[in-house]
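In this chain, residues are counted from 1 in sequence order. Atom set for the values below is all heavy atoms of this structure, side chains included, hydrogens, waters and symmetry mates excluded.
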Amino acid sequence: MKPMDLPARAKLFRDATAALKHIADGKLEEADSAIAEMRKDVGSTATLMSVEAKAAWARKNTDAVRLCLEKGLKMAAAGDLVFNRVAVDLARQMGDDGLLEAVFRVALKNTPSDAIVRYAAGGYCYRKGVTKAAREHYEAAVNLKPKFVPGMRDLAVLYYETGEKDRALRVLRRAREFDPKLREALLELGNARYRIKKYNGAAAIYELVSRLEPDFSPAYSNLGSAYRHNLQFEEGARALKRALLTEPENAGGYYNLGNLQKEAANMTPSILAFRRSIVCRPDEATFHWNLALALLADGQLGEGFDEYEWRWETESFPTKKRDVTQPEWDGTPLEGRTLLIVAEQGVGDALQFLRFVPEAVRRAQAGSAKGRILLEAHPEILDVYVDYKDMVELIPRRPGQEPAFDCHIAQLSLPKLLGIRELDDLPKAPYINSIGPEHFPIPDLDPSKLNVGVVWGGNPAFPGDDIRSSKVEYYAPLFGLEGVQCYSLQKGPREADLADAPPALIPLSRDVNSFTDTVSIVRQLDVTVTTCTSVAHLVGAMGCPVFVLLSHNPDWRWLQRRDDSPWYPSVRLFRQAKPGDWPGVIENVRAALSEMRKSVAR
């Protein structure tokens with residue numbers, strides 16, 4: 001490094017700033033030329049190292065970035081503002097906490113009065129949970145740069161989260177003088193937390209915004225959604241109603257209120273809220289879709305299945321409508337045509353709605369000329385549909401590779417087409433009957449015991465599976481019951497949980513290779529205990545006894561506030577009394593199995 005007087009330092013700063021602008025503009029060749037001139041003028045300096053590091057970052061060469069920063073740290077001296085700011089920014093983007101802490105040690109020593117560095121240090125300490133240090137840095141940044149709105153914003157959030165709510169509001173009111181759009185910036189900060197599922201943090205910011213701007217409807221609406229995810233239903237409802245008072249035509253507010261009330265199992269206000277959201281925005285598919293789910297959960301099947309057709313217009317719906325040119329079947333006789341009944345969604349959905357196929361076949365074949373009916377099935381349950389092979393042609397579900405057909409109908413659209421309006425209209429189970437116990441005899445089955453099949457989880461890839469599925473360790477109280485023998489029927493990724501299960505649980509699932517095997521096994525058991533899985537629908541469709549364990553906000557098909565199921569007469573439902581209370585559910589199941597054991601013993 002060559003000795004530099006004040007004019008040389010000023011020129012270095014200008015040249016570095018120009019080179020950094022070239023890099024920001026993507027003009028790397030111009031930046032390289034500027035770097036070469038700087039090196040020629042002053043030799044190797046911390047400032048030069050920061051510019052070279054920035055150029056290396058633009059070229060995605062992280063090794064070179066690290067080397068330049070490490071060299072710069074050794075050269076940095078008091079007043080090296082450019083190096084400190086660039087080094088902090090790059091080390092943060094690299095996600096290297098060790099390097100970032102080394103940079104902060106040098107930067108805070110050499111430029112302790114730089115508001116930008118102090119602000120960055122505050123953010124780092126805040127994310128690490130070192131609240132006292134974060135506060136000191138944020139306060140320093142704001143004092144050093146009195147109109148520094150981002151610093152004031154984050155300091156206010158820290159004050160609010162640590163109980164100094166009035167002080168937080170004073171800081172924000174001052175910041176608002178310099179930035180009239182502060183509330184929007186705060187709202188987006190809350191939204192960023194919400195998107196990564198940090199609902200407590202998001203709620204704190206939404207609360208702060210609502211206190212700063214009492215008539216700002218979006219803050220209350222978003223606060224209600226955050227409360228919903230935190231299972232604070234009463235507080236969420238109050239926030240959402242406040243949003244709607246300040247903005248009566250806030251369609252999103254009504255939608256959020258509908259979801260909250262649905263999750264709280266309050267179907268009547270949920271349905272009313274969804275209806276109001278649709279009045280505000282009649283063509284919003286998501287609103288109709290969620291109204292359908294609330295109606296179906298309330299047992300209002302007619303309107304529920306009418307609204308259910310909006311699923312195809314909903315971006316988040318997991319199954320896309322088949323891209324075919326043939327018309328949908330209108331329910332009239334085929335008269336020689338070919339009908340394709342499309343399997344949609346998951347295996348459980350297909351099993352549940354299999355009950356509607358016989359009536360659909362009757363109507364389709366009611367004409368003078370018989371038609372051809374193709375029934376799709378997920379490949380893994382194709383053999384389970386053996387009861388239907390005389391009325392339809394069974395084909396595996398292969399979207400885009402369908403055989404020739406003239407018209408089609410999605411399986412879950414059958415209830416609407418067939419005029420199902422009430423729960424009493426449902427075709428009753430059993431409707432899977434042909435596969436017997438001889439297909440898969442359970443080894444050493446003891447008929448003097450209560451024999452129980454257990455499944456504790458569904459597909460982890462399913463949205464919300466972390467809520468609907470339990471864990472094998474929660475089931476442990478069932479495995480030691482006197483006179484009860486439990487068999488694992490668990491398949492899929494969660495079968496690996498058997499490694500931690502007690503020896504009392506017989507891992508029958510290791511020998512199960514198909515749903516046909518499961519059907520045969522279930523026929524030999526006294527009862528099956530499962531969460532909301534395809535096995536629940538399979539056993540229910542067989543008409544065999546099954547205990548279904550449900551989360552606090554289960555899928556619509558299990559309805560609300562009842563322990564039986566109009567869909568499956570052989571089902572008994574065990575619901576969480578409060579969110580996440582699997583131990584409470586298992587205790588109730590344990591008591592029910594003990595009662596069953598007494599009847600078997602008699």
Could you go through residues 452-461 and list every donor-acceptor pair under 3.5 Å that involves a side-chain atom there, pairing it with any protein atom two or more places apart or in another chain?
from	atom 1	to	atom 2	distance (Å)
Trp456	NE1	Asp497	OD2	3.1
Asn459	OD1	Ala461	N	2.9

Backbone of Ser225 reached by a side-chain donor or acceptor of Asn256 within 3.5 Å: no

Residues which pass ring-ring contact (aromatic ring centres under 6.0 Å, His included) with Trp310, listed by chain and number, not counting sequence neighbours: His288

CG-CZ distance between Leu549 and Arg468, expressed to the nearest 0.5 angstrom: 13.0 Å

side-chain contact (heavy atoms from CB on, under 4.5 Å) between Val324 and Phe405, worked out: CA-CA 10 Å; Val324 297; Phe405 63 92; 4.0 Å; yes

Contacts of Tyr475 that satisfy ring-ring contact (aromatic ring centres under 6.0 Å, His included) - sequence neighbours left out: none

Neighbour count above 12 (heavy atom, 6.0 Å) for Lys241 NZ: no

Side chains of Pro269 and Gln261 in contact at under 4.5 Å (non-hydrogen atoms): yes

Whether Ser277 side chain and Phe274 backbone form a donor-acceptor pair below 3.5 Å: yes

Electrostatic pair Glu161-Arg193, nearest N-O below 4.0 angstrom: yes

Heavy-atom donor-acceptor pair, Arg523 side chain to Pro437 backbone, under 3.5 Å: no

Salt-bridge criterion met for Arg322 and Glu376 (N-O under 4.0 Å): yes

Test item: Val548 and Val529 side chains (from C-beta on) under 4.5 Å apart, heavy atoms: no

Cys407 side chain reached by Leu340 side chain, heavy atoms, under 4.5 Å: no

For Glu344, salt bridge (charged side-chain N to carboxylate O under 4.0 Å, His left out) partners two or more places apart: Arg311

Which atom of Ser570 lies closest to which atom of Cys544, heavy atoms considered: OG-O, 2.8 Å

Side-chain touch Leu375/Glu393, heavy atoms, less than 4.5 angstrom: no

Worked check of side-chain contact (heavy atoms from CB on, under 4.5 Å) between Leu423 and Leu559: CA-CA 11 Å; Leu423 291 169; Leu559 306 179; 4.0 Å; yes

Side-chain H-bond candidate by donor/acceptor type, Asn266 with Ser270, under 3.5 Å: no

Asp330 atom CG: more than 12 heavy-atom contacts under 6.0 Å: yes

Main-chain N/O of Val585 paired with Asn588 side-chain donor or acceptor, under 3.5 Å: no

Partner of His537 under ring pair (Phe, Tyr, Trp, His ring centres under 6.0 Å), chosen from Trp558, Phe515, Phe353: Trp558

Heavy-atom side-chain proximity of Lys578 to Leu231 below 4.5 angstrom: no

Atom pair NZ (Lys428) and CH2 (Trp567), whose distance is rounded to the nearest 0.5 Å: 10.0 Å

Side-chain H-bond candidate by donor/acceptor type, Glu309 with Ser413, under 3.5 Å: yes

Close side-chain approach of Lys449 and Val484, heavy atoms under 4.5 Å: no

Donor-acceptor contact present, side-chain Asp563 to main-chain Arg572, <3.5 Å: no

4.5 Å side-chain heavy-atom contact, Glu284 and Ile278: no

Side-chain donor-acceptor contact under 3.5 Å, Asp446 with Asn451: no

Short N-O contact, Arg494 and Asp465, less than 4.0 angstrom: yes

Over 12 foreign heavy atoms within 6.0 Å of CG, Asp323: no

Main-chain N/O of Tyr568 paired to Ser565 side chain as donor or acceptor, under 3.5 Å: yes

Selection residues 294-305 - residue pairs positive for side-chain hydrogen bond (donor to acceptor under 3.5 Å, both in side chains), sequence neighbours left out: Arg275-Glu303, Asp298-Gln300

Any donor-acceptor pair under 3.5 Å from Thr314 side chain to Ser316 backbone: no

side-chain hydrogen bond (donor to acceptor under 3.5 Å, both in side chains) contacts touching residues 346-364 (sequence neighbours left out): Asp349-Arg557, Gln352-Arg557, Arg355-Tyr431, Glu359-Arg362, Glu359-Arg363

Set of residues satisfying salt bridge (charged side-chain N to carboxylate O under 4.0 Å, His left out) with respect to Arg561, sequence neighbours excluded: none

NZ/NE/NH1/NH2 to OD/OE distance under 4.0 Å, Arg228 and Glu263: yes

Heavy-atom check, side chain of Ile409 versus side chain of Leu339, under 4.5 Å: yes

Sequence-distant partners of Ala239, side-chain contact (heavy atoms from CB on, under 4.5 Å), two or more places apart: Leu223, Tyr227

Backbone N/O of Ala577 and side chain of Asp581: donor-acceptor pair under 3.5 Å: no

With sequence neighbours excluded, residues passing ring-ring contact (aromatic ring centres under 6.0 Å, His included) with Phe574: Phe547

Main-chain N/O of Val512 paired with Ser509 side-chain donor or acceptor, under 3.5 Å: no

More than 12 heavy atoms of other groups within 6.0 Å of Arg562 CZ: yes

Contacts of type side-chain contact (heavy atoms from CB on, under 4.5 Å), residue Leu245, not counting sequence neighbours: none

Residues Val342, Glu402; criterion side-chain contact (heavy atoms from CB on, under 4.5 Å); working and verdict: CA-CA 10 Å; Val342 176; Glu402 303 89 351; over 6 Å; no

Test item: Trp289 side-chain N/O and Ala292 main-chain N/O as donor-acceptor pair under 3.5 Å: no

Residue that, paired with Leu525, satisfies side chain to side chain contact (heavy atoms under 4.5 Å, CB included) out of Leu489, Leu450, Leu508, Val546: Leu489

Under the salt bridge (charged side-chain N to carboxylate O under 4.0 Å, His left out) test, residues paired with Glu235 that sit two or more places apart: none

Arg421 with Asp306: basic N within carboxylate O range, under 4.0 Å: yes

Heavy atoms of other groups near Glu473 CD, more than 12 under 6.0 Å: yes

ring-ring contact (aromatic ring centres under 6.0 Å, His included) partners for Tyr199, two or more places apart: Tyr194, His229

Evaluation steps, side-chain contact (heavy atoms from CB on, under 4.5 Å), between Phe440 and Asn513: CA-CA 11 Å; Phe440 193 120; Asn513 297 312; over 6 Å; no

